[in-house]
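Numbers for residues simply follow the sequence, beginning at 1. Order of appearance sets the numbers: ligands from 1, and atoms from 1 within every ligand. The analysis underlying the following values was restricted to heavy atoms, covering all of them including side chains, and did not include hydrogens, waters or symmetry mates.
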Amino acid sequence: MSVLEGSMIDQLRATHRAAAATLPYTHVADLRIGGASVRSTGSAHETVVDPATGETWGSVPEGTASDVDAAVAAARAAFPSWAARTPTERADALRRMADAVERRAEVLAITNTLENGSPIAETGGAASNAAAILRVFASLSSYLEEPDIRPFPGGVNETVVARDPIGVCALIAPWNFPINLVVIKLAPALLAGCTVVIKPASPTPLSIRFLLDAADEAGIPPGVINLVTGGGATGEILVRHPDVDKVAFTGSTPVGRRIAAACGELLRPVTLELGGKSAAIILPDADLDAMSSVLVRSCVRNTGQTCYISTRLIATPERYDALVDMVTATVGAARVGDPLDPATVFGPVATAAQRDKVMGYVRSGIAEDARVTVGGDIAPPIEGGSFVAPTVFADVSPDMRIAREEIFGPIITIIPARDVDDAVAISNSTNFGLGGIVFGSDEDAAFQVARRVDTGSIGVNFFASNHYAPFGGRHDSGLGVEYGIEGLNAYLTPQSVHRRSR
Ligand code: NAD
């Protein structure tokens with residue numbers, strides 16, 4: 001099956017209602033503040049909609065300014081004693097939390113899939129990925145334990161460089177990977193000795209609760225991790241709260257700019273992981289069969305809703321036609337359907353608004369005369385669900401909107417290049433600078449091409465984040481990095497103490 005039949009919707013609805021009925025968190029009235037379930041001071045709620053069916057199955061409070069106040073106060077109160085624990089003690093807590101997250105893998109995955117439509121094959125790995133991130137940061141505790149003493153140049157004095165936790169951190173996440181994109185902030189923050197207030201995205205406010213449950217089970221003290229739900233207005237209150245010491249944000253570039261402006265005004269440290277429009281360069285010696293096996297994960301992972309995926313394929317004339325055929329066949333054969341079905345490759349996009357936005361780009365590509373080789377349907381395949389037909393556009397020119405703007409849906413664009421230099425120039429021609437891949441059989445030559453691509457990360461014949469290595473965007477794709485020692489440093493503030501040499 002490559003396109004959903006209208007008759008599937010009844011079956012889909014029944015399956016999804018039954019799945020939602022098994023979940024502990026659906027309609028919740030509380031926030032998590034200071035280790036307790038606290039009712040919001042407001043009465044407004046946000047609904048949680050299953051994008052596969054269009055049905056509402058959950059709701060959460062929309063956090064108010066006084067809710068944010070209470071959460072920040074709880075984080076502030078918990079800070080001194082958490083910061084006073086040794087890094088080894090905090091690392092042990094992260095390891096216990098990792099185990100506790102893994103015990104919740106299934107319920108977390110189903111909740112996540114019903115929130116944002118990510119295929120269960122994707123969300124099924126969310127808990128183990130979160131656990132891996134927690135364990136990687138736990139393994140970095142020696143960086144905080146070992147004394148860092150630096151002699152003055154040519155002098156008798158020395159400096160002890162201490163690394164203090166930065167304080168109370170606001171962690172603001174998007175909806176595409178609601179667990180991973182919190183844990184990537186939470187793990188270094190906790191290891192550093194910071195306390196946090198998490199603000200998940202409106203479509204995905206429930207799966208995050210399993211992370212807080214895991215933290216409770218791991219014995220992480222009350223107030224170290226607090227949760228306030230709500231939309232952009234709640235996020236903005238949190239970003240601007242006077243008692244927040246640092247903001248870590250993943251989301252769109254326009255919202256990132258707004259947060260950066262607020263943090264600039266407040267002189268508040270901020271990490272921004274923003275949008276992308278990454279490119280895969282296909283060199284003349286690329287192995288297209290091998291590329292086919294990683295195509296979906298590299299270029300349209302999570303129904304095209306992944307920040308770093310290479311949605312622009314740039315090929316030289318030698319491989320262009322063969323590439324178009326391979327991509328068309330691979331995408332055309334991938335299963336579109338119920339995201340709860342483990343065999344599904346493409347589920348719905350996360351919201352009806354996202355579906356409309358992606359459809360707008362499909363229309364724009366058609367209007368600009370890009371050639372549709374598969375997909376391109378401009379009517380949603382089923383009523384209620386936010387499905388978009390996976391679409392490949394060939395013969396795209398770099399100035400088309402579909403080649404320049406982040407679409408965040410299952411759409412691939414294929415751009416012809418004159419030669420490798422032209423391919424590199426095209427790949428560097430957007431305002432973004434997040435990811436990318438170079439496909440080529442001579443991996444040393446491909447590596448050299450990768451070094452010419454102006455992005456924060458890039459892969460040779462595959463792309464994956466390495467939790468030990470920095471991940472971040474250049475230009476409109478962000479400010480600062482996550483993962484690795486560099487990601488940990490973002491939650492630390494150094495103090496240099498100068499003294500006589502011992
Ligand atoms: P978004 O920017 O609309 O929202 C992200 C979060 O910010 C949400 O929690 C939202 O409620 C909150 N928010 C909105 N306005 C705010 C404001 N004024 N102040 C404070 N918080 C505010 O992004 P999205 O649509 O949820 O996510 C998709 C985007 O995220 C895409 O652009 C994608 O590329 C990007 N993303 C980037 C990375 C990365 O690591 N670079 C990873 C995943 C997603």
Can you pull the side chain to side chain donor-acceptor pair (under 3.5 Å) pairs that have at least one residue in residues 357-368, sequence neighbours excluded?
Y361-E405
Report all protein residues having a heavy-atom distance below 4.0 Å to some atom of ligand 1; order the list by chain, then number.
I172, A173, P174, W175, N176, L181, K199, P200, A201, G231, G232, G235, E236, V239, F249, T250, G251, S252, V255, R258, I259, E273, L274, G275, C307, E406, F408, L434, F471
Does R32 pair with D213 as a salt bridge, N-O distance under 4.0 Å?
yes
Can you pull the ring pair (Phe, Tyr, Trp, His ring centres under 6.0 Å) pairs that have at least one residue in residues 166-197, sequence neighbours excluded?
W175-F408
Do D454 and R474 make a side-chain contact, defined as non-hydrogen atoms from C-beta onward lying under 4.5 Å apart?
yes
Pairing of D476 and K277 as salt bridge, 4.0 angstrom limit
no
Under the side-chain contact (heavy atoms from CB on, under 4.5 Å) rule, collect the residues that match up with S40, sequence neighbours excluded.
L31, P61, T64, D67
